[in-house]
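Let me begin by presenting the structure, written as structure tokens, before commenting on it.
Quick caveat, the model's predicted, so the values are computed rather than measured.
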Amino acid sequence: MLKSFLPINQVSSPRFRVFCFPYAGGGHTTFSDWPDYIDNDIEVLVVSLPGKGKRFSEPAIDNMEELVNSLLSDFKQLSDVPYLFFGHSLGARVAFALAKELEKLTVRQPLQLVVSGSPAPNSNENVVKLSDKPDQEFIEKLHIIGGTPPEVLAQEELMELILPSIRADFKIAEEYQSLPHQLNVPITVFTGKEDLDVNQSNLSLWQDFSKSPISINHYEGGHFFIETQKNALKDLVTIINDSAIEPEQLVI
């Protein structure tokens, strides 16, 4: 039974798969309506990490190398059809790190990497460390950042249970970096025009991570624009359909 990737929609013989990687503290709900906007032969799967959801009883992972290794065995079983990666914020960097690791293996490679709301892994942006803050200060910061429903943040007992996994996500986001490494995978960057968490002028640094010219799509909204901007989802559908007709990419 696969644990690391949960399907939003069950497709018996998918033509294409979209693997979604959530932001720090996020989960499958961000992508729950995506199948409504795409063809019914495209399967949407969301990364399921230890310490969250159905894997709540498992210890959370707080470093990128271990996290990616935990995804690999399940992923190999799902790379039998063409696919792309979509990651938002921390998820963008997790998607990149997994794609980077997949280059070492004789498996089908992603046809596209869509990175959303995230600086490149070699960005020199100042990182504000939150993962080691006291509980109350950390929760207050989560209120400011957004992404976690206020009604969840207000439940003390619930927050006590889920804080370790959220801290683990933030620790990875704060610490992960990569030297330039040009994938054989095209990269498309999605960004919110009012996103104060990402330096817009640094987004071009994603070019250091693909051999193909990158493209950058700008949308109205802040850091969590993907939750309200369906134009971004329409553009993703176009990318899916364009990618799906490309020749299959294999590492030999």
Side-chain angles (χ1 to χ4, degrees), residues 4-6 19-32 45-56 58-71 85-99 113-121 123 125-153 155 158-178 189-192 195-199 202-203 206 221-228 232:
S4 300
F5 299 92
L6 299 179
F19 292 92
C20 300
F21 299 76
Y23 52 81
H28 72 280
T29 55
T30 299
F31 310 99
S32 59
L45 301 100
V46 180
V47 172
S48 175
L49 300 179
K52 298 183 178 69
K54 294 183 178 180
R55 304 183 67 185
F56 176 75
E58 300 177 45
I61 296 174
D62 65 0
N63 70 88
M64 186 70 84
E65 181 179 3
E66 184 180 352
L67 188 153
V68 168
N69 286 337
S70 76
L71 301 177
F85 287 165
F86 176 94
H88 185 74
S89 197
L90 168 64
R93 281 157 280 167
V94 176
F96 163 76
L98 179 57
L113 176 60
V114 182
V115 293
S116 173
S118 174
S123 171
E125 294 183 29
N126 293 326
V127 177
V128 178
K129 281 190 70 74
L130 299 176
S131 61
D132 58 357
K133 300 294 184 185
D135 286 357
Q136 192 55 44
E137 184 177 351
F138 186 59
I139 291 172
E140 288 173 0
K141 293 293 185 182
L142 293 178
H143 268 291
I144 295 170
I145 293 169
T148 306
E151 58 271 22
V152 172
L153 294 173
Q155 298 182 47
L158 176 59
M159 289 305 299
E160 185 176 344
L161 292 173
I162 66 176
L163 268 184
S165 66
I166 300 178
R167 285 187 186 279
D169 284 355
F170 273 81
K171 187 171 184 288
I172 296 173
E174 291 162 1
E175 295 182 352
Y176 178 69
Q177 289 187 319
S178 173
V189 180
F190 284 8
T191 184
D195 188 348
L196 302 179
D197 295 332
V198 178
N199 186 334
N202 282 351
L203 289 173
W206 276 107
H223 189 60
F224 295 102
F225 69 92
I226 60 165
E227 296 185 343
T228 57

Can you find a pair of side-chain heavy atoms, one from Y23 and one from E227, that are under 4.5 Å apart? yes
Any M64 side-chain heavy atom under 4.5 Å of Q177 side chain: no
Can you find a pair of side-chain heavy atoms, one from H223 and one from L196, that are under 4.5 Å apart? no
S116 and F225: which non-hydrogen atoms are nearest, and at how many Å? OG-CZ, 3.3 Å
Are there over 12 heavy-atom neighbours, none belonging to E58, within less than 6.0 Å of that residue's CD? yes
Reported CG-to-CZ distance for the pair D195 and F190, which is rounded to 0.5 angstrom: 14.0 Å
To the nearest 0.5 Å, tell me how far N69 CG sits from I61 CD1. 9.0 Å
Flag side-chain contact, heavy atom, 4.5 Å: L98 against F19: no
Main chain of S118, side chain of R93: is a donor-acceptor contact present, judged purely on distance under 3.5 Å? no
Close side-chain approach of V46 and T30, heavy atoms under 4.5 Å: no
In Å, rounded to the nearest 0.5 Å, how long is the span from CG of L67 to CG of L90? 8.0 Å
Heavy-atom nearest pair, P50 first then R55, reads CG-NH2, 3.5 Å
Spacing of OG belonging to S48 relative to CZ belonging to F56, to within rounding of 0.5 Å: 13.0 Å
Is the shortest side-chain heavy-atom distance between F85 and V94 below 4.5 Å? no
How long is the span from the CZ atom in F31 to the CZ atom in F21, to the nearest 0.5 Å? 9.5 Å
Return yes if some donor-acceptor pair links the side-chain N/O of H88 with the main-chain N/O of C20 below 3.5 Å, else return no. no
Are S123 and N199 side-chain neighbours, meaning at least one heavy-atom pair lies under 4.5 Å? no
Parallel under 30°, tilted from 30 to 60°, perpendicular over 60°: which one fits the rings of F96 and Y176? tilted
NZ (K129) with more than 12 external heavy atoms under 6.0 Å: yes
Check whether any side-chain heavy atom of W206 sits under 4.5 Å from a side-chain heavy atom of P119, and report yes or no. no
CD1 of I172 to CG of D62, rounded to nearest 0.5 Å, is 6.5 Å
Please give me the minimum heavy-atom distance between P164 and A60, naming the atom from each residue. O-CB, 4.2 Å
Can you name the closest pair of heavy atoms from S70 and S4 and give their distance? O-OG, 3.3 Å
Tested for side-chain contact (heavy atoms from CB on, under 4.5 Å) against P22, the lone hit among V47, D169, T29, L49 is V47
